[in-house]
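Taking it in order: structure first as C-alpha cells, then the write-up.
Naming: A, B, ... by sequence-line order, numbering from 1 per chain.
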Amino acid sequence: MNDAPGGVTCFSYNGPALSPGPLKRIYFLARVLRVPGHGHKLSERKAVPCQRLNLTDMTQIRNFSIIAHIDHGKSTLADRLIQYTGLVSEREFRDQILDTMDLERERGITIKSQTVTLPYTDRSGQEYDLNLIDTPGHVDFSYEVSRSLASCEGVLLLVDASQGVQAQTLANLYMAMEHDLTIIPVINKIDLPSADVDRVKDEIENELALDSDQIILCSAKEGTGIEDVFEAIVSRIPPPAGKEEDPLTALIFDADYDPFRGVIISCRVFDGTLGPGDIIRLMSKGAAYRVEEVGCFRLNREPRNRLSAGDVGYVIAGIKTVSDTRVGDTITLDGRPAPTALPGFQEAKPVVFSSIYSIASDDYQALAEALEKYKLNDAALTYEKDSSAALGQGFRCGFLGLLHLEIVQQRLEREYDQSFIMTVPSVQYRFTLEDGHCLSVDNPQYYPDPTVIRGSEEPFIQASILIPERYMGAVMKLCLDRRGENSRFTYPSPGRIEIRFDMPLAEVIVDFYDRLKSITQGYGSFDYDFIGYRESDLVKLDILVNGEKVDALSIIVHKDRAREWSVRACDRLKDEIPRHQFKIAIQGAIGGKIISRSTVSPFRKDVTAKCYGGDITRKRKLLEKQKKGKKRMKIVGSVMIPQQAFVAVLKSEEE
Amino acid sequence: MDRPGLYVHVPFCRTKCPYCDFYSVPSLSLIPAWLDALQREVLIYRDRFGYFDSIYLGGGTPTLLGSRELTRLMRVLFQDLSFSRDPEITIEANPDDITKEKTALLRDLGFNRISLGVQSFNEKELQFLQRRHSAKQAEEAIKVIRASGYTNLGIDLMYGLPGQGESVWMATLRRIVEYNPAHISCYQMTISEGTPFYRMLRQGRIQAPGEERERAFFLLTSAYLEENGYLHYEISNFAREKGTMSRHNIKYWRHVPYLGLGPSAHSFLKGLRWWNLRSVDGYCQALDCGRRPVEDCERLTEEQARLESLFLGFRTREGVKRKLIEDSPGSDRTLREIRSAGLVTLQGDRIIPTREGFILADSLPLLFSH
C-alpha cells in the first residue's frame with residue numbers, strides 16, 4: 001500500500017501489465033484474486049425471495065455493470081447496493097467491509113462481488129429487478145469484460161473522488177461506448193478528506209466528455225448517495241429489448257465450477273426463453289446439454305421456472321468442466337436453434353507462456369493433479385506436457401496475460417500447496433523460414449535453425465501511460481530503454497500527460513509495470529493495446545556450463561537485450577552453483593559466439609587425514625548423505641546445479 | 001596381502017591429548033580387568049578368521065603397558081589365534097615410554113615394527129599438543145630404537161597446527177628426512193567434535209589454518225618427502241620402499257578382513273562390519289557375562305561396498321579399478337574432465353590419483369555415484 005500525499009492510503013498494485021486478449025482492446029488491471037467463498041459468505045445470510053414480476057414485463061428490468069479504474073471502489077459500491085436493497089443487513093454489510101479491508105490489506109486482493117439480481121422499489125413505488133452484472137472470471141480480462149458489458153444496457157462509471165480519472169477509467173469508458181451503453185458517471189469516496197469533487201467533476205467533463213450535471217456523488221463506504229445511484233439506474237438506463245417468442249439466444253458471460261452441481265453458467269437472455277428439461281446447445285462447439293435448473297442470483301442461487309428475454313441468471317445443465325463452456329458463447333435451443341449466434345464471440349487465446357517444473361521430481365504427479373483441478377475453474381489456462389533436460393518433467397502453460405499467470409501461480413501455490421519453478425514468461429514469436437513456412441514459437445527449445453530463418457517478428461503493443469507531468473523524463477527513459485518507439489503525447493488535463501509508445505510486448509511482461517509505479521511514485525497508470533507483430537531482430541541466448549547447454553535457461557530475446565540478460569544469468573549462476581573439483585566455466589552464447597562468462601573456482605582441499613578401521617563406516621555414511629543431496633541437483637555434464645540456481649536465474653526480476 | 005589383520009586396542013593413556021578422538025581412559029587400574037576380558041574375547045574369534053599376517057597394537061598408549069602385561073597379551077594372542085609365518089607386528093609407542101629395556105622386551109615379544117608418536121620436534125608445538133615428551137626425548141627414543149636393531153621404524157608427525165608457519169613444519173620435515181625412518185605418517189591435524197581442541201575452536205581460542213594453507217602444507221609435504229625418496233602411498237602415509245608400507249593399514253583400504261579386539265575396536269569379515277563398545281567397563285562386563293562386547297554392526301550392500309572401494313581407492317596410489325565406475329552415468333566424461341584437470345592418471349585398468357587428486361580425494365567418489 002502506498003501512502004499518496006494528502007494522507008490518503010492507496011493500494012498499490014504489484015501486478016505487472018496484463019497482456020492482450022483476443023480483442024483489440026486490453027485493459028490493464030492489478031492483480032486480483034478470486035477469493036472463493038465470498039459469494040458463499042453472502043449466501044449464508046438470509047435470502048430475500050426473488051421478486052420476479054410478470055414474465056413479459058421487461059420494462060421493469062435493468063441490466064447494468066459497474067466499471068472503474070482499479071480500487072476506485074467498485075466492489076464496495078456493489079456490496080452497498082446489495083445491502084441497500086435489503087439482501088443483507090447493515091451489520092452484515094459492515095462485517096463484510098471489514099472482511100474486505102482485511103483481505104485487501106493483503107496486497108491487491110479484491111473480493112469479487114458476484115452477479116446479483118437486486119430488488120428495488122423506486123420513489124414512486126415502482127418495483128424493479130436490477131441485474132448487477134459483475135465482471136466474471138478471476139480478473140477483469142478485456143474479453144470477459146466485453147462480454148459482461150454486452151449483457152448490459154448501461155454502466156455506472158465509477159471515479160475516485162481523490163484520484164480522479166485514471167487510465168482504466170478511460171479505457172473502460174471506451175469499451176462501454178463501443179457497446180452503446182448508457183453511462184452514468186459516479187464519483188465515489190466523497191467521504192475521503194482528500195476528495196476534490198470539483199476537480200474530478202472537471203476531469204470527467206473534460207477528459208471523458210460527460211455532462212457534469214449527470215454526475216452522481218456517493219460514498220459507498222458511508223452509504224451516502226446510494227439512493228441517487230438507484231434512481232439514476234432506473235431512470236436513465238433503458239430496459240432490455242428482445243422477444244420472448246423468438247428462438248433462444250443467451251450470452252454466456254461467466255462460468256463457474258461448483259463441486260456439487262458442476263458448471264454454473266451465468267448468462268443474459270436476449271431472445272427466447274429456457275427452463276429445466278430443455279435441451280440447449282452451445283453454439284460454438286455444437287454440444288448439447290439438458291437443462292437441470294435455471295434461476296437468478298440472489299445471495300444464493302434461486303431456481304425459477306424460466307429465464308426469458310431480458311433476464312440475467314444462471315443455467316445448470318450437467319456440464320462437467322468449465323473448459324466445455326466458452327465465455328461469449330451463445331446458448332440456444334437444440335430443438336429450435338437461432339439462425340445466428342450473438343456477435344463478439346472469441347476463443348480465448350494465450351499470449352504469454354511459461355513452463356513450470358516441480359521442485360522435487362517426485363512432486364510431478366501432485367503438480368499435474370493440481371493443474372487439472374485448477375483448470376476446472378479456469379477455461380483460459382492452457383497447458384501441455386513439457387520437459388527439459390535440466391529441470392525434468394513439467395508443463396508448458398499459456399496464459400491470457402501476465403496477470404493471469406501470476407494468479408495461476410499464486411493460486412497453485414496457495415490453494416493447492418504446490419511449489420514449483422516457473423520459467424521466465426515469454427511471448428510468442430513468429431519466424432518466417434526460407435521455404436516460406438511461418439512458425440510461431442514461444443518455447444526456446446523450438447527456436448528454428450538460424451540458418452533457415454528469413455525473418456522474425458515479435459508482438460507489439462501500444463502503451464498509454466497517464467502520469468503527472470513531473471515524471472515525464474523518467475518515464476520516457478524507461479520506455480526507450482524497453483525499446484519503445486513512436487512516442488506521442490496528449491494533455492488530457494493540466495499537469496497530466498498521456499504518453500503513448502509502441503513497445504514490444506516482451507519488454508512489458510517482465511517487470512515494466514513495477515518499474516513504472518516505482519519511478520512515478522505510484523501515480524503512473526498504464527494501459528495497452530495489442531497492435532500486431534513487427535519485424536524484430538531476435539536471437540536465441542543459450543547458457544552453457546562447462547560447454548554444455550542448459551536447456552531450461554535458453555531464451556529468445558531481442559539482440560539488443562541479449563548481452564544484459566546473459567551477464568545477469570552468468571552472474572547469478574556463479575553465485576548459486578557450488579564449487580566442484582574443477583573449474584566451472586559459465587557462458588552465455590548466441591549461436592556459437594560467447595557473449596558473457598563467469599567462473600566458479602574449484603575448491604581447494606577436502607580430504608581427511610585418517611582412514612582406519614573406525615573411520616571407514618563413518619566416512620561412507622557421510623558420502624551416502626552427500627549422494628542423497630546430489631539427487632536434488634540437476635547434473636549438467638558433470639556439473640551439479642541445485643534447483644535454487646535455476647530459480648535465481650529464471651524468476652522475474654521483480655521478486 | 002589378503003590374509004586378515006589383527007588389531008588390538010589398548011584403551012589407556014596417562015593423560016589425554018587435546019586433539020585425539022581415539023578411545024582411552026586414564027584409569028590404569030583397569031588394565032588387569034581389560035586383559036582378562038580380552039582373553040575371553042579372543043576365544044570368540046578363534047576359528048573365524050584365517051591366518052593373520054599382521055598384528056597392530058594401537059590405542060591409547062600401548063607402550064604404557066608393563067612387561068608382564070605386554071607379555072601376557074602377546075601370549076594370549078599367539079595361543080588362541082593363528083598366524084602366518086612372518087607377520088608384521090606393530091606397536092604404537094610414545095617417546096617417553098621408550099627405554100633400552102622396553103625396546104628389548106618388544107623385540108623379544110616379536111614386535112618388528114614401531115610406530116613412534118613424535119608429532120613435532122618443536123617444543124612450543126609439543127607443549128601445545130600437550131605431549132608428554134620433549135623434542136629431545138623424541139630424539140633419544142629414535143636413537144634407542146635404532147640401537148636395538150629395529151629397522152622398521154615409523155614416525156608419526158602432525159601438521160596444520162593452528163598458527164603453524166611453513167618454516168617450522170619444513171624444519172620438522174628436514175629433520176625427519178635426516179633420520180630417514182622406514183615409514184613416515186604426516187597427519188593434518190583434524191579437530192574432531194568432542195575433543196578439547198574442538199571446544200577451543202568453537203570458542204575462537206584457536207583457529208584452523210583454512211583451506212588454502214592446508215592445501216599448501218599437503219602439497220609441500222608430499223613434494224618434499226617424495227623428492228627425498230619416499231613413496232606417498234596413502235593420503236597421510238609415506239614409505240621409504242614398498243616393503244616398508246604398513247602391511248596392516250593397507251588391509252583397511254583394500255577391504256581385506258581384519259579383527260579388532262578391545263573396546264571400540266572395529267572388525268570386518270565377508271561384508272560384515274562390527275565394532276565393540278566404546279567403554280572399558282562395558283567391554284569387561286559384557287565379556288564377564290559371556291556376551292560379545294559388540295556395540296553394533298552393519299552388513300554392506302553391494303552399493304555400499306562399491307562406494308567404500310571408491311573412496312578408499314582414491315586415497316591410495318593404488319587407485320580405483322576402472323570397471324568400478326563404468327556403471328555410473330557420464331563416467332567417461334567425468335573421467336576425461338578429472339584427467340585433464342590433473343587429478344588422476346589412467347594406468348592400465350586403474351585410475352590413480354595424483355598429488356592434486358589426493359587433496360580432493362574425499363569428493364571424487366561423488367562424481368561417480370549413480
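- Only the side chain of L343(B) comes within less than 4.5 Å of a heavy atom in chain A; its backbone stays farther off.
- Here the side chain of R215(B) pairs a donor or acceptor atom with the backbone of R604(A) at under 3.5 angstrom.
- For E302(B), the CD atom is loosely surrounded, since the number of other residues' heavy atoms within 6.0 Å does not exceed 12.
- Within the 4.5 angstrom heavy-atom criterion, only side-chain atoms of F22(B), from C-beta onward, approach chain A.
- The contact between F582(A) and chain B is made entirely by side chain atoms (from C-beta outward), counting heavy-atom distances below 4.5 Å.
- When heavy atoms are compared at a cutoff of 4.5 Å, T190(B) approaches chain A solely by way of its side chain, counted from C-beta outward.
- The OG1 atom of T617(A) sits 7.0 Å away from the CG atom of L300(B) when rounded to the nearest 0.5 Å.
- Put simply, the side chain of W253(B) gets close to the backbone of C611(A): a donor and an acceptor are under 3.5 Å apart.
- Distance OG1/T608(A) to CD/Q188(B): 9.5 Å, rounded to 0.5 Å.
- Summarising the geometry of D606(A) relative to A361(B), their closest heavy-atom pair is OD1-N, 3.6 Å, with the distance given to 0.1 Å.
- Both the backbone and the side chain of N546(A) come within less than 4.5 Å of a heavy atom of chain B.
- For the set R273(B), H248(B), M189(B), the count of heavy-atom pairs under 4.5 angstrom toward chain A peaks at R273(B).
- The two residues S236(B) and A609(A) have their closest heavy-atom pair at OG-O, 2.6 Å.
- Taking a 6.0 Å sphere around CZ of R278(B), one finds it holds more than 12 heavy atoms contributed by other residues, nucleotides or ligands.
- Most heavy-atom pairs under 4.5 Å with chain B: of the set R620(A), K619(A), H580(A), this distinction falls to R620(A).
- Of the residues considered (N237(B), N249(B), T334(B)), N249(B) shows the highest number of contacts with chain A, using heavy-atom pairs under 4.5 Å.
- Heavy-atom neighbours of R563(A) CZ from other residues, nucleotides or ligands within 6.0 Å: at or below the threshold of 12.
- For L366(B), the parts lying under 4.5 angstrom from a heavy atom of chain A are both the backbone and the side chain.
- Chain B forms the most heavy-atom pairs under 4.5 Å with one residue out of K610(A), E624(A), K583(A), and that residue is K610(A).
- Put simply, NZ on K605(A) and CG on D362(B) are 8.0 Å apart, with the number rounded to the nearest 0.5 Å.
- Expressed to the nearest 0.5 Å, how far CD1 of I616(A) lies from CZ of R315(B) amounts to 9.0 Å.
- Each of E356(B), E214(B), E234(B) has some count of heavy-atom pairs under 4.5 Å with chain A, and the biggest count is that of E214(B).
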